[in-house]
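I have placed the structure first, in the form of structure tokens, so that the comments after it can refer back to it.
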Amino acid sequence: MTAEIDIEALTENQARAELARLTLELQRHDDAYYLRDAPKISDAAYDALRQRNRKIEQRFPALRLDNSPENRVGTRPRDGFAQIKHRTPMLSLSNAFSRKDVEDFIDRIRRFLSLETGSALDIVAEPKIDGLSATVHYRDGRFIVGATRGDGAVGEDVTANLQTVVDLPKTLTDANPPSYIEIRGEVYMQKDDFMALNADREAQGLVAYANPRNSASGSLRQLDPAITAQRALRFFAYSWGVLADDGPVADIGETQWEFLDRLKAWSFSVNPHAHLCRSIDDIMALYDKIQAKRAALPYDIDGIVYKVNKLDWQKRLGMVTRAPRWATAHKFPAERVQTVLNQITIQVGRTGALTPVANLEPVTVGGVVVSRATLHNEDEIERKNIREGDAVIVQRAGDVIPQVVDVLTDRRPAESKPFRFPDTCPACGSHAVRPKGEVVRRCTGGLICPAQGVERLKHFVSRNAFDIEGFGTRHVVTFLEDGLVTKPGDIFRLRDHQSDLKTREGWGEQSVDNLLAVIEDRRTIPLHRFIYALGVRQVGEATAKLLARQYGSLQAWRSAMEQVAAERAMAKHAVKAEDVGEAYAELCSIDQVGLALADDLVAFFDEPHNLSVLDDLAEEVIVEDAEVVATRSPLAGRAIVFTGTLERMGRREAKARAEALGAKVAGSVSKKTYLVVAGAGAGSKTKKAEELGIKILTEDAWFDLIGD
Ligand code: IVH
């Protein structure tokens, strides 16, 4: 892109070129927004492009193109939808891909509920509809408000649009309806309606939708409900949200299966293929049967969802991160396609990991063009015997990165040679080493490696970290190159270079203003995002949340980590957390934090440069303390330890219950322990608790305490 020329100064030729460019660019953004539901620029930046196009057309009316953005309908809304906060989160589902995965799912449930092997565990199975989930609230049996899933916590208010969905009851057919109920399900478009809609769009010179899912999503999220009304959207109900407002709790029955009956009685459409399964064999038979019917079904499905039938068990099972323990989605196998692997290149990640990437002859897999696939690591290349020039089978499942699943060795060119994995970093030339017992080879260049620098910053601005939309790879690379941003804190000082940025080639005033506005907006950040953004090895989102919850504030976390590093330096070879020191043991007592992760934090805090980067950043931003979960609970923030055998529920369930009350469940007793729950046969941990003067409860006393 060239620098923007003042419209008054444009020559006719320049104007012609600009209009062509703007038309294409706006078309791309429209597609990203409407078809993929993934806008690449802010509304303001989009509007700026539109306006420029309009002004040029006004000055040169004769140059107006037939496919000018001004001639297109369905323009992007100026303002989006109002937001609706879901009172209970809209969850996603864990996945299963094989019978073994399904068996594991069932076993996990049995263990959690302490059920005997072989005892009855009924499962409701139903097709997984490939649409978009929506939630609809009814007061006194009347539809009052509806929303999309959004990010699971906050969705878009699409009430007016949902009103136009034919098989969504506006009034529940019930003489005595619940005083309040929220019903969830999937909005989808049938295949034939999708084809008809696309034929229509093409006839009008509009871009076709890529698949029924996108078209359902694009149709539901129209700002003008009159457009939605013309689209044949449908709704399958399968779940619920809140069951009461101020009044009585809605009765939805005692099982999932009964709930489906209530839904039907209320006039909801329920998927006709839902089935009550009593065994794994039942489940697999249904899976095979529906998979065989898949192509003939009038709507797209991408798997079968299994749900524990008994609702009180669902309640006890609860959820992990963002998915319920009581349900899973058994996906259909991914589509596989043959192509040629042209070249293997090496990508250097944020922590220096060298990842081989297959550069493919582009092919369409499951409706998407694929030209790159991950090869994971050097062992994988050897195990699968993959070489450059090979004919390969590529698969793509859902949103997962495409993979090379097979090599057709009989078609291998005679001159082909095994791939030699480099032992130096392709970006900085430093040694790339592979420690014994590890699969990953890493660049040792650390802070001098430009590839790692780029990836670290990309991670920093990414969606789940600082979420600086519009700060793309291009920005990261150029800013690093000219030294404007060498560490994260620099991003928040970019505003001091405002006028300098605006004179850069390819940068419009508007886009600089937009970027700086987003950056300002992100200056305040919750602690867990801040921790995640630092990009410490192995510290993903879930771990960052646990750390934030444990330490509460940036200061507390930072000083605890320094203490941890100091303790580790004094006890380099200790193999038990307690032997390293108190702070180290506290860190390891956090659920899922083991020695390896603790040592990655140590490595980070041992590097003085990292501390200076962290402190520099902390000067620029406001880090919000972590919210303490379940603040009114007497257990909030307390460390408790379970020991011995519990009779009334399994260890996993007990742990989940305690965590739901805000407690932190630790594996070992220390001075920080608040109380110990001792089941049958408890031994050394109770003894240690006695020595330290820590409260010890029997199992019954524990259940009394938590009000069970
Ligand atoms: S049950 C507790 N049943 O799949 C979560 N979900 O990948 C309730 N979906 O967000 C989900 N068909 O949008 C359920 N028969 C079905 C479904 C279904 C499609 C969607 C749903 C969910 C997503 C998870």
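Values below: all heavy atoms of this structure, side chains included; hydrogens, waters and symmetry mates excluded. In listed order, ligands and their atoms are each counted from 1.
With respect to atom 22 (C) of ligand 1, the closest heavy atom belonging to the protein is L91 O, 4.1 Å. Here the heavy atom of the protein found nearest to atom 15 (N) of ligand 1 is E126 OE2, 2.8 Å. The protein heavy atom nearest to atom 12 (N) of ligand 1 is I129 N, 3.0 Å.
With 3.5 Å as the limit, one finds no donor-acceptor pair spanning the side chains of D174 and Y138. The closest side-chain donor-acceptor pair between T159 and D157 falls under 3.5 angstrom. Checked by atom type, the side-chain pair E541/N464 shows a donor-acceptor distance below 3.5 Å.
Between R294 and D302 there is no salt bridge, since none of the side-chain N atoms of the basic residue sits less than 4.0 Å from a carboxylate O of the acidic one. By the 4.0 Å N-to-carboxylate-O rule, K100 lies close enough to D104 to be salt-bridged with it. The pair D193-R234 meets the salt-bridge criterion, with a side-chain N (NZ, NE, NH1 or NH2) lying under 4.0 Å from an Asp/Glu carboxylate O.
At a 4.0 Å heavy-atom cut-off, ligand 1 touches V305 through the side chain alone. Counting heavy atoms closer than 4.0 Å to ligand 1, residue E186 contributes side-chain atoms (C-beta onward) but none from N, CA, C or O. If you look at K307 next to ligand 1, the close heavy atoms, those under 4.0 Å, all belong to the side chain. Residue contacts with ligand 1 for A329 are absent, since no atom lies close enough (heavy atoms, distance under 4.0 Å).
Of all atoms in ligand 1, listed by their number and element, those nearer than 4.0 Å to a heavy atom of P324 are 2 (C).
Note on ligand 1: A323 sits outside its first shell, no heavy atom being nearer than 4.0 Å.
Ring geometry, F236 versus Y188: the interplanar angle falls under 30°, so the pair is classed parallel (tilted spans 30 to 60°).
For the residues Y306, F236, W240, Y238, the heavy atom positioned nearest atom 9 (N) of ligand 1 is part of Y238.
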